[in-house]
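Source: prediction; values computed, not measured.
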There are 4 protein chains.
Amino acid sequence: MSTQTVPAEPRWQRRKQARPGELLEAALAIFTERGYIGTRLEDVAARAGVSKGTLYLYFANKEELFKAVVRQGLVTPLEEMRDKVETFDGSAADMLRLVVRGWWLRIGATAHAGSPKLMIAEAANFPEIARFYIEEVLLPVHQTLARLVERGVARGEFRPVDAGQVAHLIAAPFLVISAWRHGFGHAIPDRLPALTDAPALLETHLDLLLRGLAPVPAGPAGH
Amino acid sequence: MSTQTVPAEPRWQRRKQARPGELLEAALAIFTERGYIGTRLEDVAARAGVSKGTLYLYFANKEELFKAVVRQGLVTPLEEMRDKVETFDGSAADMLRLVVRGWWLRIGATAHAGSPKLMIAEAANFPEIARFYIEEVLLPVHQTLARLVERGVARGEFRPVDAGQVAHLIAAPFLVISAWRHGFGHAIPDRLPALTDAPALLETHLDLLLRGLAPVPAGPAGH
Amino acid sequence: MSTQTVPAEPRWQRRKQARPGELLEAALAIFTERGYIGTRLEDVAARAGVSKGTLYLYFANKEELFKAVVRQGLVTPLEEMRDKVETFDGSAADMLRLVVRGWWLRIGATAHAGSPKLMIAEAANFPEIARFYIEEVLLPVHQTLARLVERGVARGEFRPVDAGQVAHLIAAPFLVISAWRHGFGHAIPDRLPALTDAPALLETHLDLLLRGLAPVPAGPAGH
Amino acid sequence: MSTQTVPAEPRWQRRKQARPGELLEAALAIFTERGYIGTRLEDVAARAGVSKGTLYLYFANKEELFKAVVRQGLVTPLEEMRDKVETFDGSAADMLRLVVRGWWLRIGATAHAGSPKLMIAEAANFPEIARFYIEEVLLPVHQTLARLVERGVARGEFRPVDAGQVAHLIAAPFLVISAWRHGFGHAIPDRLPALTDAPALLETHLDLLLRGLAPVPAGPAGH
DNA sequence: TATGAATGAGGATTCATTCAT
DNA sequence: GATGAATGAATCCTCATTCAT
């Protein structure tokens with residue numbers, strides 16, 4: 001009666017092993033799809049296979065969960081890409097191709113692609129998170145791209161251009177693709193086919209970036 | 001007291017003058033800032049200087065208000081631009097410049113620029129509205145741009161390219177600028193200066209579109 | 001200039017001649033159909049062909065309108081019937097037939113039949129009106145019927161019975177018919193056909209009242 | 001502090017025990033008193049001793065709660081009565097007495113008696129509910145009564161009559177009693193005493209049904 | 001008189017958060 | 001740790017009432 005040695009029925013086998021990682025994954029998916037206010041914690045919990053109350057064991061409240069999603073879900077994959085770019089030693093044009101195609105493989109085709117859409121939607125509501133996102137995500141990416149352009153100019157591969165501006169223009173289609181895949185595409189998947197085939201669109205993007213529309217003979221930056 | 005000729009001052013000046021236009025303007029601003037769900041109709045009403053109930057005299061419910069915002073705020077200015085493009089008879093390159101600069105003047109610099117951000121945020125939650133937006137806004141714009149590209153190719157001004165894809169690439173920076181101005185820019189206005197100076201960014205965009213990054217002598221599409 | 005003889009534009013021709021009677025009629029119809037709370041003054045106004053504001057020229061508020069409806073709409077037709085009964089000098093059985101058939105012609109088949117349903121629904125919410133209705137409508141009707149029964153008993157036409165109770169039993173089908181015509185019948189008109197043919201039902205009612213179900217040879221009260 | 005053996009008193013007794021049954025009971029009372037629209041869910045919750053939100057754990061919305069009230073409150077007791085009648089094997093007259101007295105015991109004297117009043121009030125506003133009520137309550141009751149009458153006719157106990165019509169006439173006083181107890185009676189409990197003593201009224205009803213008002217010697221259906 | 005735009009209190013419903021188990 | 005029933009603040013929407021014209 002006193003020393004309750006062995007529990008007759010091991011209840012814990014039913015436990016869900018709800019580690020924060022799974023919760024964040026579920027949260028990212030739903031935050032991305034519905035936005036911050038549109039996300040119901042009950043749905044996040046259900047998707048993670050736990051109960052509502054369990055979320056509160058790991059995150060103080062909805063806002064903290066949101067911040068954790070942005071922090072954990074975005075920074076890591078980008079850091080990997082940056083490292084690759086910095087250590088690359090081919091031509092600037094090849095580096096550009098590497099970046100654009102790499103973005104698709106590492107981010108664009110994954111769940112992470114939803115985050116730009118999410119941040120665009122919520123930045124105004126969560127200035128603190130927006131600041132964090134700018135510092136930790138946007139600026140590093142922008143710097144990497146700008147340095148890439150500067151290197152191309154320095155090597156004579158590229159015309160002299162404003163690297164900061166060009167960096168934005170390189171990244172712009174990422175946003176478009178992200179928005180389509182996680183926003184409109186949901187509504188009508190096949191209405192703008194050119195957008196659905198993201199890899200082809202990115203190839204055209206590379207082609208235009210390097211050669212432009214004008215029909216002059218390609219320079220040394222050619223394919 | 002007898003001959004009551006003409007009332008010197010019209011009383012109706014005291015009225016609230018709550019015309020739909022003002023309501024839409026207020027709604028656009030708040031929808032853009034906070035998203036669909038985050039927008040409280042009471043705030044919209046307050047911003048327009050009327051009471052909650054007044055909104056319902058003009059719009060059946062929140063969703064109808066939202067649709068009206070999208071319709072009135074976007075379709076009209078876009079139609080004007082389209083007309084201009086269709087009747088333009090200069091070179092394709094000049095037409096491209098007209099479009100890009102026109103977008104900035106007509107939309108990008110105005111409150112309308114918030115709508116892409118708004119739609120990106122809400123498309124997944126409101127497929128019906130997203131469909132409407134795609135049909136009424138995105139497709140027409142895309143078609144106009146694609147036709148412009150086709151015309152350039154036909155005239156020999158442009159290399160043979162996939163017009164549908166290029167149309168998306170022409171428009172991509174619009175999205176970036178819109179997202180910045182109405183999302184992140186709110187949080188840190190001066191952290192990515194190249195984005196803040198949208199007109200300059202768009203000039204670089206035009207330059208890249210026409211000539212690319214490669215340092216070849218400019219072709220006939222030159223400035 | 002002083003004596004403004006003839007008004008250049010006779011605005012008053014557009015006026016609606018909204019006398020209280022028309023308003024009450026419209027109100028009775030809608031109160032009956034939807035109950036007190038369910039009735040929107042806008043609908044009453046629309047049905048009467050006037051504007052919302054006009055109602056307030058004749059009735060202080062919704063409750064006063066309701067009271068006026070009950071007062072004016074019900075008392076008068078009942079008083080007429082009572083007079084007829086009191087001056088009738090045939091047999092009690094014939095008087096009973098007169099009353100039952102008269103109820104149908106004067107009330108059951110008209111808009112007035114809605115009022116019992118209305119009062120049943122609202123009595124608990126408006127005790128004051130209920131009291132008024134009991135005093136002015138129910139009691140007089142009950143008294144008239146009870147007196148009729150007493151007369152039949154006194155004349156040897158009817159068995160000795162509790163006149164007060166029988167009076168209620170005579171009137172009971174009125175309530176059923178009223179409820180059906182103004183309540184359920186709306187939902188499914190043909191699901192209980194015996195109720196739809198109110199005159200036939202009332203004839204059977206008379207037959208049962210006078211002879212009962214038992215198959216004995218009809219006595220002197222026979223048709 | 002160390003050996004925290006067994007909590008002497010189970011904490012769960014403090015729980016609110018908000019089972020649907022209690023909610024339905026509270027809802028029936030208030031719906032009956034104020035009608036559908038007049039009922040505020042907050043009041044229902046308060047009467048059941050729970051909060052507003054709790055109602056929504058058990059019923060999707062007000063209409064579903066209303067339907068559940070009708071269902072649980074009426075269908076079950078009626079089904080019990082029907083079973084009794086169908087398996088009864090005495091005379092039709094005795095069966096009739098069983099039904100009329102049973103109605104009083106099982107329904108008329110209970111809170112369930114409020115539902116006819118409730119449905120009369122709301123049928124026009126909620127055709128769907130009215131349809132449900134007709135199908136689930138009125139028709140079964142009517143059929144049972146009609147079959148009872150047909151049986152009496154077949155056995156030679158009753159004169160040949162229209163069973164459908166007589167069924168309505170048998171049930172009519174139920175409605176009157178229900179309306180009085182839950183409507184007017186509230187306002188003036190003692191103004192129409194014959195109605196207040198429902199059991200006596202029903203006995204007179206039975207007497208009239210079987211023998212009529214005419215003073216002929218009772219037939220074989222006698223007491 | 002008559003109008004109907006404007007108001008805002010009131011009620012249905014949702015969902016983040018708590019807490020007893 | 002994990003659960004999910006219970007809570008109640010917050011928000012959409014309705015409609016009786018007012019009032020400038």
Side-chain angles (χ1 to χ4, degrees), chain A residues 11-12 14-19 37-46 49-63 65, chain B residues 7 10-19 37-45 49-63 65, chain C residues 11-12 14-19 37-46 49-63 65, chain D residues 7 10-19 37-45 49-63 65:
Chain A
R11 297 254 177 89
W12 51 267
R14 266 179 262 138
R15 257 198 254 164
K16 256 295 175 180
Q17 266 307 83
R19 259 159 300 123
I37 304 185
T39 291
R40 301 189 312 155
L41 291 192
E42 186 154 18
D43 291 344
V44 173
V50 301
S51 79
K52 243 184 313 176
T54 301
L55 284 178
Y56 285 85
L57 296 176
Y58 295 98
F59 306 97
N61 52 39
K62 193 179 183 181
E63 187 163 345
L65 172 61
Chain B
R11 294 263 175 86
W12 51 267
Q13 287 174 347
R14 257 178 269 143
R15 252 203 257 165
K16 273 286 173 180
Q17 274 303 90
R19 255 154 308 116
I37 304 184
T39 291
R40 299 186 314 154
L41 291 192
E42 188 156 16
D43 291 344
V44 172
V50 301
S51 78
K52 246 180 317 173
T54 301
L55 283 179
Y56 288 87
L57 296 177
Y58 296 97
F59 306 99
N61 51 41
K62 194 179 183 181
E63 188 164 343
L65 172 62
Chain C
R11 295 252 177 94
W12 51 267
R14 266 179 261 139
R15 254 198 254 167
K16 257 292 170 180
Q17 266 308 83
R19 261 160 297 125
I37 303 186
T39 291
R40 301 189 312 155
L41 291 191
E42 185 155 18
D43 291 344
V44 173
V50 303
S51 79
K52 243 182 316 176
T54 301
L55 284 178
Y56 285 85
L57 296 177
Y58 295 97
F59 306 97
N61 52 39
K62 193 181 183 181
E63 188 164 345
L65 172 62
Chain D
R11 296 264 177 84
W12 52 266
Q13 285 175 346
R14 259 179 270 142
R15 250 204 255 166
K16 273 288 175 179
Q17 275 304 91
R19 255 152 311 114
I37 305 184
T39 292
R40 301 186 312 154
L41 291 192
E42 187 155 17
D43 291 344
V44 173
V50 301
S51 79
K52 247 180 315 174
T54 301
L55 283 178
Y56 287 87
L57 295 177
Y58 297 96
F59 306 98
N61 52 41
K62 194 179 182 180
E63 188 164 344
L65 171 61

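- Comparing atom distances between the A:Lys62 side chain and each of E:dA16, F:dT11, F:dC13 picks out E:dA16 as nearest.
- Across all non-hydrogen atoms, the minimal contact from B:Asn61 to B:Tyr56 is CA-CE2, 4.0 Å.
- Taking atom CZ of residue A:Phe59 and atom C1' of nucleotide F:dA2, one finds them 15 Å apart after rounding to whole Å.
- In this structure, CD of C:Glu63 is placed 16 Å from C1' of F:dC15, rounded to the nearest angstrom.
- For C:Glu42 against C:Lys52, the heavy-atom pair with the smallest separation is CA-CG, 3.9 Å.
- With rounding to whole Å, D:Tyr58 atom OH is found 13 Å from F:dT7 atom C1'.
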Next on the checklist: Counting Watson-Crick and G-U wobble pairs with both distances under 3.5 Å, what is the dot-bracket string for DNA chain F, 5' to 3', using [ ] for crossing pairs and | for pairs to another strand?
Outcome noted: .||||||||||||||||||||
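- Distances were taken from every side-chain heavy atom of A:Thr54 (C-beta onward) to each of F:dA2, F:dA6, E:dA6; the shortest belongs to F:dA2.
- Side-chain proximity of B:Ser51 to E:dA16, F:dT17, E:dT7: nearest is E:dT7.
- Out of F:dC13, E:dG4, E:dT13, the shortest distance to the side chain of B:Leu41 is found at F:dC13.
- Closest non-hydrogen pair, B:Leu41 versus B:Lys62, comes out as CD2-CG, 3.9 Å.
- The side chain of C:Arg40 lies closest to F:dC15 when the candidates are F:dC15, F:dA5, F:dT11.
- Counting distance only, with no hydrogens placed and no angle test, the side-chain atoms of D:Lys52 and the base atoms of F:dT7 include no donor-acceptor pair under 3.5 Å.
- Residue-to-nucleotide proximity on DNA chain E shows that, of C:Gly53 and D:Thr39, the 5′-proximal contact is made by C:Gly53.
- The side chain of D:Asn61 lies closest to E:dT13 when the candidates are E:dA16, F:dT3, E:dT13.
- Taking all atoms of both residues into account, the shortest heavy-atom contact from C:Gly38 to D:Ile37 is CA-CD1, 3.5 Å.
- Atom OH in D:Tyr56 sits roughly 13 Å away from atom C1' in F:dG8 (whole-Å rounding).
- Nearest-nucleotide mapping onto DNA chain F: of C:Gly38 and B:Ile37, the residue sitting toward the 5' end is B:Ile37.
- Taking the nucleotide of DNA chain F with the nearest heavy atom to each of D:Leu57 and A:Leu57, the more 5' of the two is matched to A:Leu57.
- When rounded to the nearest whole Å, the span between CG of B:Leu55 and P of E:dG8 equals 13 Å.
- One can place CD of B:Glu42 at 12 Å from C1' of E:dA9, the figure rounded to the nearest angstrom.
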